[in-house]
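Okay, structure first, notes after.
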Amino acid sequence: MHAWLLPSTRAIFPRMKISRLCVGLVVGLGFAQLMAETLSPGRDINAVLAAHDRQLLELPAVVGVYVGVLADGKTPCLKVMLARPIPETERNLPREIEGYPVVTEISGEIRPLRP
């Protein structure tokens, strides 16, 4: 053990042995890493959208899907645009896909522009 670590560490944690402090720190960091992996989705949201867009677009009244953010302005989500509210479609939509929330919005019909 390095002598320069002991005085400052003992001043902060006078009754705790260094070995217990190190074990506690390692366990704490491991738990933090586990929580970060559990709470954050695995794949990039654009890859998730590309993998699932066709199945979402096959549902009745779904006219578009895109990557958006939740009302908090920072949490990424998958947005599903509906031409009109259809309870059956909204019930059949998953609440999340691969860890990303799925949110619906009523956009109305979408038609291509004519030149």
Side-chain angles (χ1 to χ4, degrees):
M1 182 109 24
H2 297 289
W4 58 270
L5 279 176
L6 293 176
S8 61
T9 307
R10 288 190 186 209
I12 297 170
F13 303 101
R15 294 186 175 182
M16 186 177 285
K17 291 190 176 198
I18 299 299
S19 61
R20 286 186 186 169
L21 176 64
C22 291
V23 168
L25 183 61
V26 169
V27 170
L29 290 173
F31 182 72
Q33 178 67 27
L34 176 66
M35 289 304 295
E37 289 173 1
T38 302
L39 296 177
S40 64
R43 272 204 298 179
D44 176 68
I45 193 166
N46 293 302
V48 171
L49 179 62
H52 297 276
D53 62 351
R54 291 192 188 278
Q55 75 184 49
L56 293 170
L57 289 167
E58 289 176 359
L59 295 171
V62 173
V63 293
V65 292
Y66 67 98
V67 173
V69 292
L70 295 179
D72 65 8
K74 58 185 175 184
T75 305
C77 69
L78 299 172
K79 297 266 187 154
V80 177
M81 300 163 42
L82 301 175
R84 59 194 172 286
I86 296 182
E88 180 184 347
T89 298
E90 293 186 46
R91 276 193 307 272
N92 290 334
L93 280 174
R95 296 292 161 233
E96 69 175 41
I97 297 176
E98 294 189 34
Y100 292 103
V102 175
V103 179
T104 60
E105 64 180 39
I106 308 303
S107 63
E109 291 290 332
I110 295 178
R111 296 187 181 107
L113 293 175
R114 304 275 179 200

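Only this structure's heavy atoms are used, side chains among them; waters, hydrogens and symmetry mates stay out.
Atom CD1 of I106 and atom CD of E90 lie 5.5 Å apart (nearest 0.5 Å). With rounding to the nearest 0.5 angstrom, the CG atom of N46 is 4.5 Å from the CG atom of D44. Remark: L56 CG to L93 CG distance equals 6.5 Å, nearest 0.5 Å. Atom NE2 of H52 sits about 13.0 Å away from atom CG of L57, to the nearest 0.5 Å. The structure places CG of L78 at 12.5 Å from OG1 of T104, a figure rounded to the nearest 0.5 Å.
Scanning all heavy atoms of the two residues, the minimum distance from A50 to D53 falls at O-OD1, 3.2 Å. Heavy atoms only, all atoms of each residue included: P101 and P76 are closest at CD-O, 3.6 Å. Closest of all the heavy-atom pairs between A83 and V63 is CB-CG1, 3.7 Å. The two residues M81 and S107 come nearest to each other via the heavy atoms CB-OG, 3.6 Å. In terms of heavy atoms, V69 sits closest to C77 at C-SG, 3.7 Å.
The closest side-chain heavy-atom distance from L82 to V62 is below 4.5 Å.
Follow the hydrophobic side-chain contacts under 4.5 Å out from V65 and you reach V102 in the same cluster. Under the 4.5 Å side-chain heavy-atom criterion for Ile, Leu, Val, Met, Phe, Trp and Tyr, L49 and V103 are members of distinct hydrophobic clusters.
The main-chain N or O of R43 is found under 3.5 Å from a side-chain atom of Y100 such that the two form a donor-acceptor pair.
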